[in-house]
Amino acid sequence: MTIAIERRSKTRQPAPELDVERVRRDFPALEQTVNGKPLVYLDNAASAQKPRAVVDAVARAYVEGYANVHRGVHALSQQATAAYEGAREIGRRFLGAAEAREIVFVRGSTEAINLVAQSFVRPRLNRGDEILITHMEHHSNIVPWQMLCAARGARLKVVPIDDDGALDLGAYERLLGPRTAIVSLVHVSNALGTINPVRELVALARERGIPTLIDGAQAAPHTAIDVGRLGCDFYTISGHKVFGPTGIGLLYGRAELLASMPPYQGGGEMIRSVSFDRTEYAEPPHKFEAGTPHIVGAIGLGVALEYVESLGIDAIDAYEHELLAYATERLAALPRLRLIGTAGQKAAVVSFVVDGVHAHDVGTILDHEGVAVRAGHHCAQPVMERFGVAATTRASFAFYNTRDEVDRLVAGVERVLEVFS
Ligand code: PLP
């Protein structure tokens with residue numbers, strides 16, 4: 001079976017080359033052995049490894065110039081504040097936002113989606129209104145909306161996907177209606193790798209005056225993001241998936257919308273003044289950052305985003321595209337193996353099932369071979385149900401993975417076939 005992977009990048013000039021051997025030297029974690037074999041790390045969609053620059057920046061932020069932000073007149077606090085706000089500016093640039101006040105630091109995409117659900121949608125949501133998501137969402141873009149629908153008597157509507165894992169665009173258009181309060185959809189599916197045509201999807205919603213939230217947790221490590229060009233109202237990324245620390249992420253929100261929204265949580269940092277009679281809130285983004293923020297996480301995230309920028313997203317895209325095509329071709333040639341997610345537009349994620357073998361057994365045998373993959377439902381149980389499987393094995397690639405590592409993955413799956421022959 002051959003699966004055609006379409007070129008998704010319409011770059012006019014050839015993308016710059018990515019020197020993978022040099023890049024790998026930036027990631028100390030890749031040098032280790034697991035079960036006596038050199039590690040092949042193919043669990044990047046769950047969480048990516050960190051370049052030395054990020055690890056060093058985090059250590060430095062704790063050792064030199066560490067203090068709480070915003071409140072201090074002393075030098076260390078001012079230094080920490082400058083670094084924290086500097087990271088916000090890097091986030092602005094990375095996402096293509098117009099202004100730094102449109103960038104809110106959050107714990108990750110999960111918190112960002114909950115924030116939009118509670119602060120933006122909830123006050124506007126009436127009984128009988130609809131929230132539109134897709135069948136390929138991560139649980140973090142399903143459950144917050146279900147909770148909100150249950151609380152407000154609203155209805156969750158789901159855009160179907162086809163047998164390749166691509167969105168049914170006709171159904172999407174038909175489901176956009178006068179009661180649609182928000183469209184919240186994933187840019188790149190973590191379980192299938194599908195890249196959604198977000199710009200077109202957003203445009204269709206905008207024509208009807210419907211706000212949009214894009215879950216870019218899996219897009220940030222692989223594709224260029226430009227919220228201005230996409231035209232969305234909200235966009236979110238998770239730091240740990242884009243080679244940064246855990247517990248930090250970004251929410252982009254259109255300035256006028258953030259300004260119109262009530263705070264998500266109350267506490268210090270998010271106020272202008274407090275008395276027992278009334279509290280005046282700070283302006284965005286601080287209005288949404290109650291309490292001491294993840295200062296060092298934000299600084300580390302800034303360094304991670306700069307690292308990605310330094311490689312060049314076009315170079316990453318081109319390199320990973322070749323890797324994906326190679327992995328797809330090699331895995332598809334194996335007997336008893338079925339690929340789950342074969343859309344024309346894909347990021348470097350390959351999910352598969354092996355006939356007669358549970359995904360956990362596949363993952364365990366691969367682990368013995370030093371190959372780290374994820375086996376399970378990938379927090380996307382509706383996707384599993386759509387394809388009639390309980391779980392898949394997922395190899396998810398980053399720009400530091402190589403063709404040799406694909407070969408190691410394939411050899412591991414061949415071993416699985418042998419053991420379960
Ligand atoms: N959205 C997608 C597509 C994801 O893959 C994930 C994590 O796997 C999330 C959201 C949630 O991200 P986080 O756990 O960082 O909040």
Side-chain angles (χ1 to χ4, degrees), residues 41-50 54 91 95 104-118 133-147 158-159 161 165-167 183-196 198 201 212-223 225 230 232 234-252 264 288 294 297-298 300-301 304-305 340-341 343 345-351 372-384 386 391-398:
Y41 188 76
L42 301 180
D43 195 18
N44 295 287
S47 206
Q49 299 297 341
K50 318 304 170 199
V54 169
L95 294 182
V104 181
F105 283 119
V106 286
R107 278 197 296 129
S109 298
T110 302
E111 186 175 53
I113 294 166
N114 278 278
L115 191 161
V116 175
Q118 294 302 323
I133 61 171
T134 80
H135 206 124
M136 67 176 92
E137 300 306 323
H138 187 277
H139 294 164
S140 61
N141 200 24
I142 302 173
V143 183
W145 303 116
Q146 278 175 331
M147 291 163 64
V158 182
V159 185
I161 55 178
L167 205 61
V183 170
S184 185
L185 53 86
V186 75
H187 192 161
V188 173
S189 153
N190 68 312
L192 301 167
T194 309
I195 303 177
N196 283 317
V198 166
L201 298 171
T212 48
L213 163 61
I214 307 301
D215 170 2
Q218 297 293 344
H222 305 293
T223 56
I225 298 165
L230 294 178
C232 56
F234 300 96
Y235 194 102
T236 173
I237 68 171
S238 297
H240 68 102
K241 295 189 198 283
V242 68
F243 315 100
T246 53
I248 190 78
L250 301 178
L251 170 67
Y252 156 80
Y264 177 50
F288 301 103
H294 188 2
L301 174 57
L305 298 180
I340 305 288
Q345 302 288 314
K346 273 192 69 176
V349 171
V350 186
S351 268
V373 294
R374 187 139 297 243
H377 55 60
H378 317 295
C379 294
Q381 280 182 325
V383 172
M384 301 298 116
R386 168 66 180 78
T392 72
T393 303
R394 180 187 69 187
S396 53
F397 299 88

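When reading the values below, keep in mind they use all heavy atoms of this one structure, side chains included, and skip hydrogens, waters and symmetry mates. This chain uses plain numbering: 1 for the first residue, then up along the sequence. In each ligand, atom 1 is the first atom listed, and ligand 1 is the first ligand listed.
- From the protein, the heavy atom lying nearest to atom 5 (O) of ligand 1 is Q218 NE2, 2.7 Å.
- Within the structure, the closest approach of N141 to ligand 1 does not fall below 4.0 Å when heavy atoms are considered.
- In this structure, the protein non-hydrogen atom closest to atom 4 (C) of ligand 1 is H138 CD2, 3.3 Å.
- Residue contacts with ligand 1 leave out R107, since none of its heavy atoms falls under 4.0 Å from the ligand.
- Judged by distance alone, with hydrogens and angles left aside, the side-chain atoms of S238 form no donor-acceptor pair with the main-chain N or O of K241 at under 3.5 Å.
- Ranking protein heavy atoms by distance to atom 8 (O) of ligand 1, first place goes to K241 NZ, 2.5 Å.
- With hydrogens left out, the protein atom closest to atom 14 (O) of ligand 1 is T110 OG1, 3.6 Å, a heavy atom.
- Remark: the backbone N or O of G193 is not paired with any side-chain donor or acceptor of Q218 at under 3.5 angstrom.
- Atoms of ligand 1 lying under 4.0 Å from any heavy atom of N190, numbered from 1 in the order shown and given with element: 5 (O).
- The protein heavy-atom contact nearest to atom 12 (O) of ligand 1 is S238 OG, 3.3 Å.
- Side-chain contact between N114 and Y264 is present, with heavy atoms from C-beta onward closer than 4.5 Å.
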### Task
Starting from the C-alpha separation in whole Å, work towards a yes-or-no answer on side chain to side chain contact (heavy atoms under 4.5 Å, CB included) for W145 and L213.
CA-CA 12 Å; W145 303 116; L213 163 61; 3.7 Å; yes
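- Contact check for I237 versus L95: side-chain heavy atoms found under the 4.5 Å cut-off.
- Ligand 1 lies nowhere less than 4.0 angstrom from a heavy atom belonging to E111.
- Residue, atom and distance of the protein heavy atom nearest to atom 3 (C) of ligand 1 are D215 OD2, 3.5 Å.
- Assignment of S140 to the shell around ligand 1 is supported, since a heavy atom sits closer than 4.0 Å.
- Within the 3.5 Å criterion, the main-chain N or O of G165 finds a donor-acceptor partner in the side chain of T194.
- H378 contributes no side-chain N or O that, together with a main-chain N or O of L192, makes up a donor-acceptor pair within less than 3.5 Å.
- Aromatic ring centroids of H377 and H139 lie under 6.0 Å apart.
- Close contacts of ligand 1 with V186, meaning ligand atoms under 4.0 Å from a residue heavy atom, involve 3 (C).
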